[in-house]
Amino acid sequence: TSNGGGLFIEDQSNPTFENVQITGNTSNNYGGGVYIESNSNPTFENVQISSNTASGRGGGVYMDNHSSPLFDIVQITDNTASSDGGGVHVRGSESYPVLNNVVISNNSSSGNGGGIDISNCCGYVLLSISSSTISNNSASTGGGIGNNGNTVNVSYTTISGNTALTHGGGFYGVGGTLSMDHVEITD
């Protein structure tokens with residue numbers, strides 16, 4: 001598939017996924033596991049998104065264009081992107097994703113954000129992460145999290161064991177706003 005190897009969600013869709021596994025999917029472009037765009041606000045609860053591959057961005061999850069999904073008790077693991085966002089890629093136009101009790105681990109990208117990449121393309125993003133673990137991800141820059149010009153709020157979260165070839169093993173930021181409260185960043 002071109003986008004959304006496992007799930008393709010768009011045009012003001014607000015589905016709920018509970019106790020679901022999205023595993024082993026491939027996208028020739030964006031969103032190996034899940035693709036979300038165009039004012040869509042899905043809810044993922046107790047979901048596993050693993051071993052997915054995107055030739056472009058968002059090996060596990062790609063979201064764009066006024067989309068604000070909720071991820072609660074979700075594992076995003078072992079996903080790969082040839083470009084940015086091995087686990088998750090978020091970009092523009094007033095998107096406000098929320099990640100609570102999420103494990104983002106063992107994802108990789110050849111570009112920015114092995115675990116999570118937040119792009120400055122196409123408008124404002126506010127990403128909120130709480131009570132989560134971002135570990136053992138790898139990328140060229142921003143092994144755990146890569147942020148280009150957006151707002152990222154992280155609380156009660158561990159960022160550990162992430163690696164980058166050039167800058168920011170745990171976190172890499174250019175512009176934007178970062179708030180961390182009760183966060184541990186370790187080797």
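For reference, positions follow the sequence shown, starting with 1.
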| Out of curiosity, Ser132 OG to Gln75 CD, how far, rounded to the nearest 0.5 Å? | 11.5 Å

Please output the side-chain donor-acceptor pairs of residues 9-20 that fall under 3.5 Å, not counting sequence neighbours, one pair per line with the distance.
unit_1 : atom_1 : unit_2 : atom_2 : d
Ser13  : OG     : Glu10  : O      : 2.6
Asn14  : OD1    : Asn41  : N      : 2.9
Asn19  : OD1    : Asn46  : ND2    : 2.5

| note | With sequence neighbours left out, the residues meeting side chain to side chain donor-acceptor pair (under 3.5 Å) with Asp72 are Asn101

| Does the side chain of Val47 reach to within under 4.5 Å of the side chain of Ile22, using non-hydrogen atoms? | yes

Name every donor-acceptor pair, under 3.5 Å, that has one atom in a side chain of residues 177-185 and the other anywhere in the protein, sequence neighbours excluded.
unit_1 : atom_1 : unit_2 : atom_2 : d
His182 : ND1    : Tyr156 : OH     : 3.4

| remark: To the nearest 0.5 Å, atom CD1 of Ile36 lies from atom CG of Asn3 at 12.5 Å

| Transitive ILVMFWY side-chain link Tyr172 to Val154, under 4.5 Å | no

| request: Any pair with a residue in residues 127-146 that passes salt bridge (Lys or Arg N to Asp or Glu O under 4.0 Å), sequence neighbours left out, goes on the list, sorted by first then second residue, please. | output: none

| Does the Ser27 side chain pair with the main chain of Gly5, one donor and one acceptor, at a distance under 3.5 Å? | no

| query | What heavy-atom pair brings Ser109 and Ser83 nearest, and what distance separates the two atoms? | reply | CB-O, 3.4 Å

| Contacts of type side-chain contact (heavy atoms from CB on, under 4.5 Å), residue Ser130, not counting sequence neighbours | Asn100, Ser155

| task | Can you run down the salt bridge (Lys or Arg N to Asp or Glu O under 4.0 Å) pairs that involve residues 88-109, sequence neighbours left out, and say none if there aren't any? | result | Asp64-Arg91

Return a table of donor-acceptor pairs under 3.5 angstrom between the side chains of residues 137-150 and protein atoms on other chains or two or more places apart.
unit_1 : atom_1 : unit_2 : atom_2 : d
Asn137 : OD1    : Asn106 : N      : 3.3
Asn137 : OD1    : Asn107 : N      : 2.8
Asn137 : OD1    : Asn107 : ND2    : 3.1
Asn137 : ND2    : Ile104 : O      : 3.0
Asn137 : ND2    : Ser135 : O      : 3.1
Asn137 : ND2    : Asn162 : OD1    : 3.0
Thr141 : OG1    : Asn112 : OD1    : 2.2
Asn147 : OD1    : Asn150 : N      : 3.3
Asn147 : ND2    : Asn150 : O      : 3.1
Asn150 : OD1    : Val125 : N      : 3.0
Asn150 : ND2    : Ser119 : O      : 2.7
Asn150 : ND2    : Asn148 : O      : 3.1

| remark: Sequence neighbours excluded, the answer for ring pair (Phe, Tyr, Trp, His ring centres under 6.0 Å) partners of Phe171 is none

| query | Can you list every ring-ring contact (aromatic ring centres under 6.0 Å, His included) pair that touches residues 98-148, not counting sequence neighbours? | reply | none

| remark: To the nearest 0.5 Å, atom CD of Glu37 lies from atom CE of Met63 at 12.5 Å

| query | Rounded to the nearest 0.5 Å, how far does CD1 of Ile49 lie from CD of Gln21? | reply | 11.0 Å

| field | Common cluster, Val74/Leu127, ILVMFWY with side-chain heavy-atom separation under 4.5 Å | value | yes

| Residues clustering with Ile73 (ILVMFWY side chains joined when closer than 4.5 Å, directly or via others) | none

| query | Which atoms form the tightest heavy-atom contact between Ala54 and Gly32, and what is the distance? | reply | CB-N, 3.7 Å

| task | Determine which pairs satisfy ring-ring contact (aromatic ring centres under 6.0 Å, His included) with at least one residue from residues 21-40, sequence neighbours left out, and list them in order. | result | Phe8-Tyr35, Tyr30-Tyr62, Tyr35-Tyr62

| request: Could you name each residue pair satisfying salt bridge (Lys or Arg N to Asp or Glu O under 4.0 Å) that touches residues 75-85, not counting sequence neighbours? | output: Arg57-Asp84

| message | Using side-chain heavy atoms (C-beta onward) and a distance below 4.5 Å, is Asn39 in contact with Ser67? | response | no

| query | What residue among Asn153, Ile116, Val102 forms side chain to side chain contact (heavy atoms under 4.5 Å, CB included) with Ile129? | reply | Ile116

| message | Under 4.5 Å between side-chain heavy atoms, counting indirect links through other Ile/Leu/Val/Met/Phe/Trp/Tyr residues: same cluster for Phe71 and Ile134 or not? | response | yes

| said: Could you go through Thr26 and Asn52, starting from their C-alpha distance and side-chain angles, then the distance that decides it, and tell me whether this counts as side chain to side chain contact (heavy atoms under 4.5 Å, CB included)? | reply: CA-CA 6 Å; Thr26 301; Asn52 301 288; over 6 Å; no

| remark: Heavy atoms of Ser82 and Ser110 approach each other most closely as O-CB, 3.1 Å

| query | Would Val88 and Asp117 count as a side chain to side chain contact (heavy atoms under 4.5 Å, CB included) if you check the C-alpha gap in whole Å, the side-chain angles of each, and the deciding distance to 0.1 Å? | reply | CA-CA 6 Å; Val88 177; Asp117 179 59; over 6 Å; no

